[in-house]
Amino acid sequence: MSKYTKEDIYRIVEEENVEFIRLQFTDIFGTLKNVAITASNLEKALNNQCMFDGSSIEGFVRIEQSDMYLYPDLDTFTIFPWRPQQGKVARIICDVYDAKGEPFAGDPRYILRRQVERAKKMGYTFNVGPECEFFLFNQDENGQPTTITHETASYFDLGPVDMGENARRDMVLTLEDMGYEIEASHHEVSPAQHEIDFNYDEALSSADNIMTFKLAIKTIAKKHGLFASFMPKPRNDAYGSGMHINMSLSRDGKNVFFDPDDEYQLSQEAYYFMGGVMEHIKGMTLITNPLINSYKRILGGDEAPAYIAWSTMNRSPLIRIPSSQGDSRRVELRSPDPSGNPYLVLALCLAAGLDGLENHTLPPKAVDRNIYEMTDEEKEELGIESLPLSMDLALEEMKKDPFVKEVLGDHIFNKYVEAKESEWNRYRSFVTEWEVKEYLYKI
């Protein structure tokens, strides 16, 4: 059932004195975009008549196919609590359509919608609970971001050691004003690193929530004179930031991953789902970990999983099964980081899990030891493989798995590969400060 009708939105805009409405959408790389309109153009927007130039968005279309239309999802309407009380600003998340009135194949939200519909036809609802980590750094005298922090707090510390506590509290209250149910918030392992977790929701809403979450965190951080970064590994001397994805399937409102009679309290469907994700994770990694910097986090340990295994006992494998049971039984994928496009990440996770269900793909046996402490021989004996550990390897794995191309579609797959190949080539030809310090005086 829809949350809002057009009439509801007209009424709220008038009653709340909303003057600007941001029509938001996301490009294939996970960057939030928007077209801002005034309230006088709201009717045109709600009738799907707002157009933009798709050729100006990286990875969208060529200039001769540039006319794109925004179709607002009315249920995503919300008023930004951080804007002025007079002349308020609201937003609506939109789907992107082409000039023929067809869903645009390059719209990441459409890619996730397709997989959600596929799950629905199989009788399932895909539920997701993300855990988003981020850093709060100082800004310089010009208001530009740095990687400097003067705090020394660590896991679960509180003020005055946790110098970002007030900003984090403000973030939580702001998110709650926007309708979020915040499950927990706390300081993370590294100085200036934080985590805010919000409650489970259906997949499309969760992806929307992640995009809104990032915008809210950055906005509130700036009000506190700080810069919020979702970069996976911004400092050599700090743990990286992850975006763990807690996943489950439900049927008729009941979690189908729980089986009280199983050794691990997991149902057969949970095993198949997990098996599908593990089978395709190498090909998915360029989407779940899309930056060159992403692999600095994976290679660095930092509780970031480099190995394709699962466990209920420790945090070193790719997949962990948290101890919660009943309707809270879930599979936690630990490799994604917050630089990933949430629509594409969740689309691939769901598609891989459904593929496992359809093909009865079983995962290997659980590994209840710390994999980081195993020798190479022990890992080989147990058949534990690693994720691709650099962008070029992830590119090759993505191109090798036809499943990924099928889920993303030709448009996004080809544009994404082209962009990442260019990024990798630019990176490997760039002389870094590390190289200068390491080699200049020796040669």
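The structure displayed is predicted, hence computed values, not measured ones.
- Every residue two or more places apart in sequence or in another chain that forms a side chain to side chain donor-acceptor pair (under 3.5 Å) with Arg251 is listed here: Tyr124, Glu269.
- By the 4.5 Å heavy-atom criterion applied to side chains, His244 and Arg320 are not counted as neighbours.
- The salt bridge (Lys or Arg N to Asp or Glu O under 4.0 Å) search around Lys400 returns Glu397, not counting sequence neighbours.
- Every pair passing ring-ring contact (aromatic ring centres under 6.0 Å, His included) that includes a residue from residues 332-370 is listed here, sequence neighbours excluded: Tyr272-His360.
- For the side-chain contact (heavy atoms from CB on, under 4.5 Å) test, residues two or more places apart in sequence or in another chain that qualify with Phe227 are Gln139, Pro145, Lys218, Ser229.
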Side chain to side chain contact (heavy atoms under 4.5 Å, CB included) between Tyr416 and Ile287, intermediate numbers included: CA-CA 9 Å; Tyr416 204 93; Ile287 301 296; 3.6 Å; yes
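- Nearest approach of Ala306 to Tyr372, heavy atoms of both residues: N-OH, 3.7 Å.
- In this structure, the side chains of Met398 and Leu408 come closer than 4.5 Å at one or more pairs of heavy atoms.
- Every residue meeting the side-chain contact (heavy atoms from CB on, under 4.5 Å) condition with Asp237, not counting sequence neighbours, appears here in chain and number order: Arg235.
- The number of heavy-atom neighbours closer than 6.0 Å to CD of Glu378, taken from other residues, nucleotides and ligands shown, is above 12.
- The shortest side-chain heavy-atom distance between Asp95 and Arg113 falls under the 4.5 Å cut-off.
- Salt bridge present: Arg118 and Glu358 bring a charged side-chain N and a carboxylate O closer than 4.0 Å.
- Atom CD of Glu202 is surrounded by 12 or fewer heavy atoms from other residues, nucleotides or ligands within 6.0 Å.
- Judged as a salt bridge (Lys or Arg N to Asp or Glu O under 4.0 Å), and not counting sequence neighbours, Glu19 has no contacts.
- Between Trp424 and Tyr427, the two ring planes are tilted [angle within 30° to 60°].
- With values rounded to the nearest 0.5 angstrom, Ser335 atom OG is found 8.0 Å from Ile319 atom CD1.
- Remark: Phe80 engages Trp82 in a ring pair (Phe, Tyr, Trp, His ring centres under 6.0 Å) (not counting sequence neighbours).
- Aromatic ring orientation, Phe134 versus His194: parallel (interplanar angle below 30°, classes split at 30° and 60°).
- A distance of 8.0 Å separates CG in Leu348 from CD in Gln115, rounded to the nearest 0.5 Å.
- Looking only at distances, no side-chain donor or acceptor of Asp177 sits under 3.5 Å from a matching main-chain atom of Thr174.
- Within a 6.0 Å sphere centred on NZ of Lys222, other residues, nucleotides and ligands contribute 12 heavy atoms or fewer.
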List the steps and the verdict of side chain to side chain donor-acceptor pair (under 3.5 Å) for Asp208 and Ser205. CA-CA 5 Å; Asp208 290 341; Ser205 294; 5.3 Å; no
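- Looking at Ser206, its side chain does come within 3.5 Å of a backbone N or O of Val128 through a donor-acceptor pair.
- Among all heavy-atom pairs drawn from Met247 and Cys349, the shortest one is SD-CB, 3.6 Å.
- Panel note: side chain Ser190, backbone Tyr239; a donor-acceptor pair is recorded below 3.5 Å.
- Contact record, Asp197 with Cys132: OD1-N, 4.1 Å, taken as the closest heavy-atom pair.
- Side-chain N or O atoms of Thr212 include none that pairs as donor or acceptor with a backbone N or O of Asn209 at under 3.5 Å.
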Passes side chain to side chain donor-acceptor pair (under 3.5 Å), Arg330 versus Ser324? Steps please. CA-CA 8 Å; Arg330 61 191 186 271; Ser324 53; 2.6 Å; yes
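- Rounding to the nearest 0.5 Å places CD1 of Ile371 at 7.5 Å from OG of Ser311.
- In this structure a side-chain-to-backbone donor-acceptor pair under 3.5 Å is present from Asp75 to Lys3.
- Between the side chain of Gln193 and the backbone N or O of Gly240 there is at least one donor-acceptor pair closer than 3.5 Å.
- Put simply, the side chain of Tyr71 does not reach to within 4.5 Å of the side chain of Phe104, judged on heavy atoms.
- Checked against ring pair (Phe, Tyr, Trp, His ring centres under 6.0 Å), Phe20 has no partners two or more places apart in sequence or in another chain.
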Applying side chain to side chain contact (heavy atoms under 4.5 Å, CB included), run through Val407 and Met284 and close with a yes or a no. CA-CA 10 Å; Val407 174; Met284 294 162 51; over 6 Å; no
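- Between atom SG of residue Cys94 and atom CG of residue Asp73 there is a gap of 8.5 Å, rounded to the nearest 0.5 Å.
- At a cut-off of 3.5 Å, with distance as the only test, no side-chain donor of Asn359 or Thr361 sits close to an acceptor on the other residue.
- The backbone N or O of Leu215 lies less than 3.5 Å from a partner atom in the side chain of Thr219, making a donor-acceptor pair.
- Crowding of Gln268 atom CD: a count of heavy atoms from other residues, nucleotides or ligands under 6.0 Å exceeding 12.
- Contact annotation: the side chain of Asp337 never approaches that of Lys233 to less than 4.5 Å [non-hydrogen atoms, C-beta and beyond].
- When atom types are taken as modelled, the side chain of Arg297 and the backbone of Met231 share no donor-acceptor pair closer than 3.5 angstrom.
- Rounding to the nearest 0.5 Å gives a distance of 6.5 Å between NZ of Lys420 and CZ of Phe29.
- Under the side-chain contact (heavy atoms from CB on, under 4.5 Å) criterion, Asn255 pairs with Ser248, Phe257, Asp327, Arg329, not counting sequence neighbours.
- Between the Tyr110 side chain and the Tyr97 main chain, no donor and acceptor come within less than 3.5 Å of each other.
- Applying the salt bridge (Lys or Arg N to Asp or Glu O under 4.0 Å) test to residues at least two apart or on different chains, none of the pairs has a partner in residues 340-349.
- With sequence neighbours excluded, the residues that form a ring pair (Phe, Tyr, Trp, His ring centres under 6.0 Å) with Phe403 are His280.
- The closest side-chain donor-acceptor pair between Asn127 and Ser250 falls under 3.5 angstrom.
- Pro317 has its side chain out of reach of Arg334: every pair of non-hydrogen atoms, C-beta onward, lies at least 4.5 Å apart.
- Between Thr76 and Ile93, the shortest heavy-atom contact is OG1-N, 2.7 Å.
- A donor-acceptor contact shorter than 3.5 Å is absent between the side chain of Asn293 and the backbone of Pro234.
- In Asp140, the CG atom is crowded: over 12 heavy atoms of neighbouring residues, nucleotides or ligands sit closer than 6.0 Å.
- The NE2 atom of His186 lies 9.5 Å from the CD1 atom of Ile196; values are rounded to the nearest 0.5 Å.
- Tyr180 is linked by a ring pair (Phe, Tyr, Trp, His ring centres under 6.0 Å) to Phe198, counting only residues two or more places apart in sequence or in another chain.
- Looking at heavy atoms from C-beta onward, Glu151 lies out of side-chain contact with Leu136 at the 4.5 angstrom threshold.
- For the pair Met68 and Asp107, the minimum side-chain heavy-atom distance is 4.5 Å or more.
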